[in-house]
Amino acid sequence: MSLQDLKERNVGTQEYMLVQEDDYPKTGWEEFKQVMKRSIKGELFGGLKITLKIMKEALFNNNMHTVQYPTEKLPISPRYRAVHKLLALLESGENRCIGCGLCEKICISKCIRMDTRIDENSRKEVLEYSINLGRCIFCGYCAEVCPELAIVHGGRYENASEQRAHFGLKEDFLTPLDELKNQQEYDGFGAISPNADERMKKTPLAY
């Protein structure tokens, strides 16, 4: 588009399609005639034929085009990046994670939190490993950077559950009021950066 075309932007003369209002029926009789005309031409029966054909396939040949979710689920691609899964060693059953912290460092959403300690054998031990799925964008960097293949993206893509016991109460996660003064903010679970106001840019309103 040239500069002249940009300045002469007119909705009706560019690539927009004009609707011919003269073809629309204006009275009830004209609407009735249009409906009858389209019905006689077979458009209505053509659509009804397709519907009956699909219904016949579903009833007699068990060829359903819908699934009964959640009891029935469609297969997903093996490369689909769904909810994270922590793997264990096949020999000992212990967690593969060595607590290197690479997944936590590379996470661009800062949704991974890991707490480690050095055990009595001078080896790093993972005390806590948590992922905030509300912040995760499922980019897969954590799985790609893991040197021990301890974290992968599994095929489970649902965060909902039918069991009440699978969820926790909000009151259980909130800090008690008498301990608010001792609460420590973690820079990675939805907390904004300290200089967020300075980094904020105004939205240009004039072009």
Side-chain angles (χ1 to χ4, degrees), residues 1-85 107-111 131-143 152-171 173-174 189-192 196-197 199-207:
M1 179 181 293
S2 63
L3 181 59
Q4 188 64 25
D5 294 336
L6 183 64
K7 291 180 179 178
E8 297 178 356
R9 284 180 292 179
N10 190 342
V11 174
T13 58
Q14 295 295 323
E15 298 177 354
Y16 294 91
M17 182 180 65
L18 293 177
V19 177
Q20 300 297 330
E21 296 183 354
D22 296 336
D23 296 338
Y24 283 91
K26 293 183 173 55
T27 62
W29 175 247
E30 290 178 355
E31 291 179 357
F32 177 75
K33 286 198 300 184
Q34 187 184 58
V35 170
M36 292 303 296
K37 181 181 177 182
R38 291 180 176 176
S39 300
I40 293 173
K41 285 177 69 176
E43 295 177 358
L44 178 64
F45 296 104
L48 187 60
K49 179 183 176 183
I50 296 175
T51 303
L52 292 176
K53 183 180 178 182
I54 294 175
M55 187 173 69
K56 176 188 171 187
E57 290 290 324
L59 291 177
F60 300 104
N61 298 332
N62 199 20
N63 186 12
M64 299 291 291
H65 292 266
T66 57
V67 294
Q68 300 297 322
Y69 183 84
T71 58
E72 185 181 0
K73 297 175 183 176
L74 294 176
I76 61 175
S77 170
R79 299 184 63 186
Y80 186 78
R81 291 175 173 175
V83 178
H84 309 73
K85 212 159 114 181
C107 180
I108 56 179
S109 302
K110 294 184 177 178
C111 66
I131 300 174
N132 187 350
L133 295 179
R135 283 182 66 99
C136 180
I137 60 173
F138 301 95
C139 61
Y141 283 170
C142 53
V152 296
H153 282 274
R156 187 173 64 88
Y157 54 87
E158 295 171 314
N159 296 326
S161 176
E162 298 174 344
Q163 301 295 325
R164 187 182 180 90
H166 294 171
F167 299 99
L169 296 177
K170 184 180 178 182
E171 289 75 13
F173 299 112
L174 289 177
F189 275 79
I192 59 174
D197 293 336
R199 297 171 56 189
M200 187 178 298
K201 297 179 181 178
K202 290 184 179 179
T203 303
L205 299 178
Y207 295 95

- Is there a donor-acceptor contact under 3.5 Å from the side chain of Arg81 to the main chain of Cys139?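 The answer is yes, because a donor-acceptor pair under 3.5 Å joins these two groups.
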- Task: Would you check if the side chain of Arg135 reaches a backbone N or O of Ser109 as a donor-acceptor pair within less than 3.5 Å?
- Result: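 Confirmed, Arg135 side chain pairs with Ser109 backbone.
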- Message: Under the rule for side-chain contact (heavy atoms from CB on, under 4.5 Å), what residues qualify as partners of Leu74, not counting sequence neighbours?
- Response: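 Partners of Leu74 by the side-chain contact (heavy atoms from CB on, under 4.5 Å) criterion, ordered by chain and then number, come out as Val67.
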- Closest non-hydrogen atoms of His153 and Cys142, given as atom of the first, atom of the second and distance, are NE2-SG, 4.1 Å
- Item | Minimal non-hydrogen separation, Gly154 against Ala82, with atom names |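 What the structure gives for the nearest pair is O-CB, 2.9 Å.
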- Message: Between Glu57 and Ile54, is there a side-chain heavy-atom distance shorter than 4.5 Å?
- Response: no
- Minimum side-chain heavy-atom gap His84-Leu133 below 4.5 Å: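 Contact flag for His84/Leu133 side chains = yes.
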For [X], does the [atom1] atom sit with more than 12 other heavy atoms under 6.0 Å from it, leaving out its own atoms?
{"X": "Glu72", "atom1": "CD", "answer": "yes"}
{"X": "Phe138", "atom1": "CZ", "answer": "yes"}
{"X": "Tyr157", "atom1": "OH", "answer": "yes"}
{"X": "Asn61", "atom1": "CG", "answer": "yes"}

- Under the ring pair (Phe, Tyr, Trp, His ring centres under 6.0 Å) rule, collect the residues that match up with Phe45, sequence neighbours excluded.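 Phe45 satisfies ring pair (Phe, Tyr, Trp, His ring centres under 6.0 Å) with no residue once adjacent residues are dropped.
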- Task: Hey, could you give me the CG/CE distance between Leu59 and Met64, rounded to the nearest 0.5 Å?
- Result: 8.0 Å
- Task: Could you grab the distance from atom NZ of Lys37 to atom CD of Gln34, nearest 0.5 Å is fine?
- Result: 8.0 Å
